[in-house]
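See below for the structure under consideration.
All of these numbers come straight from a predicted model, not from anything done at the bench.
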Amino acid sequence: MLIELGRCGPRNMGQIGFMHTERYNPHDVEAKWQKIWNDRQTFVTREDDARPKYFVLEMFPYPSGRIHMGHVRNYAMGDVVARYRRARGFNVLHPMGWDAFGMPAENAARQNNSDPAAWTYANIAAMRGQLKSMGLSLDWTREIATCDPRYYKHQQKMFLEFVKAGLVDRKQSRVNWDPVDQTVLANEQVIDGRGWRSNAPVEQRELTQWFFKIGSCAQELLDALDHLDRWPEKVRLMQKNWIGRSEGLLVRFALAPAGAEETPEIEIYTTRPDTLFGAKFIAVSPNHPLARKAAGTNPALSAFIAECNRSGTSAAALETAEKKGFDTGLKALHPFDADWRLPVFVANFVLMDYGTGAIFGCPAHDQRDLDFVNAYGLGVTPVVCPPDQPPADFIILKTAYEGDGRMINSRFLDGMSVPEAKLEVARRLESALLDNRPQAKRQVNFRLRDWGISRQRYWGCPIPIIHCPDCGAVPVPDADLPVVLPEHVNLAAPGNPLDHHPRWKHAACPLCAKPALRETDTMDTFVDSSWYFARFTDPWNESAPTTPAIANRWLPVDQYIGGIEHAILHLLYSRFFTRAMQKTGHVGMSEPFEGLFTQGMVVHETYKSASGEWIAPKDVRLEIQSDIRKAFAPDGAELVIGSIEKMSKSKKNIVDPDDIIQSWGADTARWFMLSDSPPDRDVIWSEEGVQGAGRYVQQVWRLIGALCELACQPGGQIPPEVSAVSENIRRASHSHVKRVQDHIERLRFNTAIAEIRKLTNALNQFIDDIANTPVPPDAAFAFREAAEFLVRAFAPMMPHLAEACWQQLGYSTPVAEAPWPEIEPRLAASERITLPVQVNGKKRAELSVDRDADLKTIEAEALALEAVMQAMDGKPAKRIVVVPQRIVNVVT
RNA sequence: GCCCCUGUGGCGGAAUUGGUAGACGCGUCCGACUCAAAAUCGGAUUCCGCAAGGAGUGCUGGUUCGAUUCCGGCCAGGGGCACCA
């Protein structure tokens with residue numbers, strides 16, 4: 001699907017014979033200017049720059065080996081912002097680095113029998129070259145890679161500081177365990193209850209792991225969302241739901257003495273204390289201490305618990321799982337009636353790590369409880385009656401009622417609303433005593449769990465802890481940091497390579513010097529990406545993660561750009577980490593990203609052969625046969641054109657940025673990526689689209705050539721007399737560029753590009769109009785101004801073409817160092833405007849008036865219009881609505 | 001199941017946020033240049049209608065002088081969370 005380039009023909013443009021133009025050759029021009037920018041250090045950010053700062057950051061890439069179109073889109077957007085802000089007089093920081101730890105390196109190394117570090121650094125080198133060919137205005141002197149000990153040593157130090165500051169926990173937690181690979185699996189690595197690599201049934205295991213106490217910041221992380229007003233509403237909402245705050249009541253139930261004297265009570269958490277009189281049972285999680293204790297004397301219960309733990313925690317497994325329970329024989333006393341005894345079950349649907357791991361079941365108003373009750377025949381009593389429903393007729397069979405209403409069957413609560421009943425129950429139980437303590441207390445719970453960071457893997461940041469049999473978990477002393485990963489590890493054996501290493505894990509206890517063992521778990525790679533933005537502010541500091549004075553000048557990031565897939569984890573972790581860094585004195589603020597933008601994906605049509613094989617776009621030839629698009633394989637066989645989907649290896653619908661840049665140039669790729677689709681939506685990569693962008697590159701090059709012939713020398717002054725025509729040229733330049741500016745500031749790159757194209761179209765028209773006539777000095781000035789405005793307006797998107805044009809216009813320094821055009825407000829708004837005139841809401845005519853004509857004049861002129869009189873059909877005007885500078889509506 | 005977003009020509013989309021619906025581009029068609037093709041340039045392109053004119057922003061009702069925009073109901077597509085008590 002590649003198009004041949006480089007064929008030239010005589011141009012044929014109006015009657016003026018400008019002969020200068022050769023076809024623009026992106027290949028040579030782009031390399032040339034990339035070298036010039038590099039030699040001049042145009043994009044190196046200096047600290048001794050007094051101008052206001054602007055930190056633009058795109059999410060840094062994982063060094064997978066090659067950049068993909070998603071990267072091109074992401075970095076093209078960031079680069080527009082960076083170049084625009086630079087032109088607007090900001091001291092811009094625009095760095096790049098590598099999110100370089102992670103499993104793919106281990107897998108690749110295992111496959112190729114090589115080394116994760118070598119694989120990673122080779123990939124970084126390849127991708128750096130590709131990014132450079134895009135002409136991004138990056139400060140490469142600040143490049144960092146998270147797998148570099150010079151980076152992760154600070155991370156290890158911060159980990160220990162966080163431990164000291166009470167932000168880290170070490171506790172048992174249940175994990176998905178792959179018995180074949182002998183490793184922990186994330187939930188998304190469990191497919192249908194089996195390990196994604198080994199295909200072995202996944203087990204639940206208790207492991208002691210390190211946790212960042214993100215839960216302790218839940219309320220703060222939630223509250224601060226309200227102030228992130230330059231974040232997409234959608235992301236804030238997703239984070240809000242993820243944090244999942246709920247207000248409820250902790251209620252203690254006394255247990256009837258039944259041989260369980262040591263646990264005389266059970267505590268549950270509920271958000272529906274109002275439904276307490278509808279309670280039919282109590283249920284605890286299989287991992288609740290009470291369940292475990294009871295299992296000790298009851299083999300059947302023990303077997304039931306084991307069965308619950310065997311089944312996976314994956315979403316799919318849970319959805320289909322039936323509600324199952326095991327009656328412990330224990331009875332709980334209803335808090336408002338000691339004679340009312342509720343059976344206590346161990347139930348598979350009760351989660352241990354939310355609330356207290358125990359619930360009371362009210363089947364009438366909770367679907368899960370209803371399903372459970374229907375399976376075990378425990379009965380249903382409705383206690384909330386929907387409005388407009390006689391309580392006598394209200395019965396619950398298979399669907400629980402979770403809506404609002406009035407209390408029924410609830411003794412002293414009867415007749416109350418749900419909120420009133422909640423309050424009343426809380427009030428009564430808070431003052432009631434059980435065992436000399438209040439029977440209940442109000443509590444806020446969060447869905448957000450602490451962040452488990454331990455990973456049983458090699459290619460990650462080692463956790464700097466030494467486990468001593470006598471002293472326990474001991475921090476590695478400062479002087480011994482970083483704890484560096486060993487080289488030449490055996491990745492072939494299952495399990496954690498660090499654990500297998502013959503020497504690495506053996507160390508002396510820093511406190512007592514006895515033989516001890518290093519922590520062999522490494523950190524989740526999300527830790528690496530939770531602070532890299534801060535490291536960019538001073539990547540040269542060897543003794544600390546940041547230099548606070550410098551970090552505080554640059555942070556927060558003014559504009560962060562990346563994929564929506566990181567809406568929750570990466571962004572939430574970074575917000576937590578920034579708070580932790582604030583508490584440990586590394587930064588002076590709590591929020592890392594002032595402005596966030598989430599861009600859409602790059603998608604492409606899919607093609608499939610008759611035999612069901614996916615075919616790559618570059619091997620497909622498209623034709624239109626009698627209005628129907630058809631696709632053909634190289635051998636001529638017709639292909640099925642499939643749906644448009646995210647570019648992926650599995651569907652082979654990938655277009656390699658390298659190929660595009662080679663054949664079209666970076667500017668064409670960038671321009672196409674930014675045009676058409678709004679940046680937050682998906683963009684469809686199409687060959688026609690690239691062709692259109694490539695065509696525009698040539699069109700601009702020709703236009704600038706033509707303008708050069710008509711324009712005055714650089715630095716010309718406005719002549720005293722300016723004709724109407726020249727004034728119109730100037731109006732076009734100023735008004736369109738003003739709008740380009742507005743669109744870029746709102747990150748509306750597609751409409752910014754439409755506006756630039758409008759200016760090009762207008763200028764082509766002006767050139768045609770002036771054809772064959774001498775160019776007076778005022779027009780020569782207007783044309784020069786127009787050319788310079790245009791070039792500077794598209795320079796953020798097509799920087800190489802802009803440089804070539806700028807040079808053509810007679811400048812010897814890069815346009816990348818030139819300021820944004822100075823816009824005269826007088827010229828950006830037109831003097832005369834065209835008002836649509838409606839009669840009874842239907843447009844019937846247009847009226848051209850002065851911008852600030854008074855209402856009376858407009859009314860009179862509107863009524864005098866032929867078309868208006870006709871539409872009014874002799875009826876008098878009842879009312880005339882004139883909205884200044886908008887519309888006239890005559891109502892009859 | 002809960003929460004959220006989006007529905008506009010053949011296609012991607014625009015509409016100053018209640019004021020000319022379809023900007024800008026892609027595609028298609030017609031024309032110019034050419035022996036020819038490519039490239040380039042000009043024109044047409046929401047639908048119905050020869051036309052005058054009429055209809056039209058998923059469907060449906062409402063508010064308004066005026067609704068793609070605001071409100072109610074429905075339909076379709078997409079996303080997030082998911083046994084969170």
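As a whole-Å value, the separation of Q698(A) CD from C41(B) P is 11 Å. Between L703(A) atom CG and U40(B) atom C1' the separation is 15 Å, expressed in whole Å. Spacing between atom NE2 of H743(A) and atom P of A23(B) amounts to 15 Å, rounded to whole angstrom units. Regarding M601(A), its CE atom lies at a distance of 19 Å from the P atom of C5(B), rounded to whole Å. The CH2 atom of W231(A) sits 20 Å away from the P atom of C4(B) (whole-angstrom rounding). Rounded to whole Å, atom P of A14(B) lies 16 Å from atom CG of D742(A).
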Side chains of residues 271-281 of chain A: which donor-acceptor partners sit under 3.5 Å, not counting sequence neighbours?
| unit_1 | atom_1 | unit_2 | atom_2 | d |
| --- | --- | --- | --- | --- |
| R272(A) | NE | D274(A) | OD1 | 3.1 |
| R272(A) | NE | D274(A) | OD2 | 3.2 |
| R272(A) | NH2 | D274(A) | OD2 | 2.9 |
| T275(A) | OG1 | R272(A) | O | 2.8 |
| K280(A) | NZ | T381(A) | OG1 | 2.8 |

Pair up each side-chain donor or acceptor in residues 876-892 of chain A with any protein partner under 3.5 Å, not counting sequence neighbours, and list the distances.
| unit_1 | atom_1 | unit_2 | atom_2 | d |
| --- | --- | --- | --- | --- |
| Q885(A) | OE1 | R851(A) | NH1 | 3.4 |
| N889(A) | OD1 | G841(A) | N | 3.1 |
| T892(A) | OG1 | N840(A) | ND2 | 3.1 |

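The C1' atoms of G58(B) and G9(B) are separated by 15 Å, rounded to the nearest whole Å. G79(B) and G61(B) are spaced 32 Å apart, taking the P atom of each and rounding to whole Å. G66(B) and A15(B) have their P atoms separated by 25 Å, given to the nearest Å. C26(B) and C41(B) have their P atoms separated by 10 Å, given to the nearest Å. One P atom belongs to U45(B), the other to G10(B), and the distance between them is 15 Å to the nearest Å. If you take atom P in G78(B) and the same atom in A67(B), they sit 32 Å apart, rounded to whole Å. U63(B) and A52(B) have their C1' atoms separated by 34 Å, given to the nearest Å. Taking atom P in both C11(B) and C81(B), the straight-line distance is 32 Å, to the nearest Å.
By the salt bridge (charged side-chain N to carboxylate O under 4.0 Å, His left out) test, D353(A) pairs with R449(A), sequence neighbours left out. Taking E846(A) as the reference, K843(A) meet the side-chain hydrogen bond (donor to acceptor under 3.5 Å, both in side chains) condition, with sequence neighbours excluded. A search for side-chain hydrogen bond (donor to acceptor under 3.5 Å, both in side chains) contacts involving T760(A) returns Y696(A), not counting sequence neighbours. Residues that satisfy the salt bridge (charged side-chain N to carboxylate O under 4.0 Å, His left out) test with R739(A), not counting sequence neighbours, are E755(A). Not a single side-chain hydrogen bond (donor to acceptor under 3.5 Å, both in side chains) links N241(A) to another residue, sequence neighbours left out. Taking the side chain to side chain contact (heavy atoms under 4.5 Å, CB included) definition, one finds that E688(A) meets it with R629(A), S686(A), sequence neighbours left out.
Of the candidates G54(B), C41(B), G80(B), the closest approach to any side-chain atom of R844(A) belongs to G54(B). The side chain of N241(A) lies closest to C3(B) when the candidates are C3(B), G19(B), A21(B). Among A23(B), C41(B), U17(B), the nucleotide with an atom closest to any side-chain atom of K758(A) is A23(B). Of the listed nucleotides (C81(B), C83(B), U40(B)), C81(B) has the atom at the smallest distance from the side chain of W242(A). The side chain of T751(A) approaches A14(B) more closely than any other nucleotide in the set A14(B), G80(B), G27(B). Nearest nucleotide to the R695(A) side chain, out of G27(B), A23(B), C81(B): G27(B). Listed candidates were C81(B), C83(B), C3(B). Nearest to the side chain of L237(A) is C3(B).
Heavy atoms of R245(A) sit nowhere under 4.0 angstrom from any nucleic acid atom. Using a 4.0 Å heavy-atom cutoff across all strands shown, T834(A) reaches at least one base atom of the nucleic acid. Using a 4.0 Å heavy-atom criterion, one finds that K878(A) contacts no nucleic acid atom at all. Counting non-hydrogen atoms under 4.0 angstrom, G692(A) reaches the backbone sugars and phosphates but no base. E755(A) comes within contact range of no nucleotide atom at all, as no heavy-atom separation falls under 4.0 Å.
With respect to K738(A) and D742(A), a salt bridge is recorded, a charged nitrogen being found less than 4.0 Å from a carboxylate O.
In this structure, R23(A) is not positioned above the aromatic face of W701(A) in the sense of NZ or CZ being under 6.0 Å from the six-membered ring centre and within 45° of the axis.
Both M238(A) and R757(A) sit near RNA chain B, but only R757(A) has its closest nucleotide nearer the 5' end. Comparing I753(A) and Y354(A) by the nucleotide of RNA chain B that holds the closest heavy atom to each, the one mapping nearer the 5' end is I753(A).
An OP1 or OP2 oxygen of C24(B) is reached within less than 4.0 angstrom by no side-chain nitrogen or oxygen of S675(A). For the pair K843(A) and G53(B), the criterion of a side-chain N or O lying under 4.0 Å from OP1 or OP2 is not met.
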For RNA chain B, produce a single dot-bracket line, 5' to 3'. Pairs: Watson-Crick or G-U wobble, both distances under 3.5 Å. Symbols: ( ) within strand, [ ] crossing, | other strand, . unpaired. (((((((..(((......[....)))((((((.......))))))(((....)))..(((((..]....))))))))))))....
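Glycosidic torsion of U60(B) falls outside 90° of 0, placing the base in anti. Glycosidic conformation of G9(B) is syn; the angle stays within 90° of 0.
Between L865(A) and A845(A), the shortest heavy-atom distance links the atoms CD1-CB, 3.9 Å.
At a cut-off of 3.5 Å, with distance as the only test, no side-chain donor of Q838(A) or R844(A) sits close to an acceptor on the other residue. Donor-acceptor pairing under 3.5 Å is recorded for the side chains of Q765(A) and D769(A).
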Under 3.5 Å, which N/O atoms of the protein pair with N/O atoms of nucleotides 7-13 of chain B?
| unit_1 | atom_1 | unit_2 | atom_2 | d |
| --- | --- | --- | --- | --- |
| G12(B) | O2' | S677(A) | OG | 3.0 |
| G12(B) | N2 | D676(A) | OD1 | 3.0 |

Identify all pairs in which a protein N or O lies below 3.5 Å from an N or O of nucleotides 62-69 of chain B, and state each distance.
| unit_1 | atom_1 | unit_2 | atom_2 | d |
| --- | --- | --- | --- | --- |
| C65(B) | OP1 | R879(A) | NH1 | 3.3 |
| C65(B) | O2' | N889(A) | ND2 | 3.2 |
| C65(B) | O2 | N889(A) | ND2 | 2.6 |

The test is ring-ring contact (aromatic ring centres under 6.0 Å, His included); show your working for F794(A) and W671(A) and say whether it passes. CA-CA 9 Å; F794(A) 73 70; W671(A) 185 258; 7.0 Å; no
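Residue pairs meeting the salt bridge (charged side-chain N to carboxylate O under 4.0 Å, His left out) criterion with at least one member in residues 668-680 of chain A, sequence neighbours excluded, are D79(A)-R670(A).
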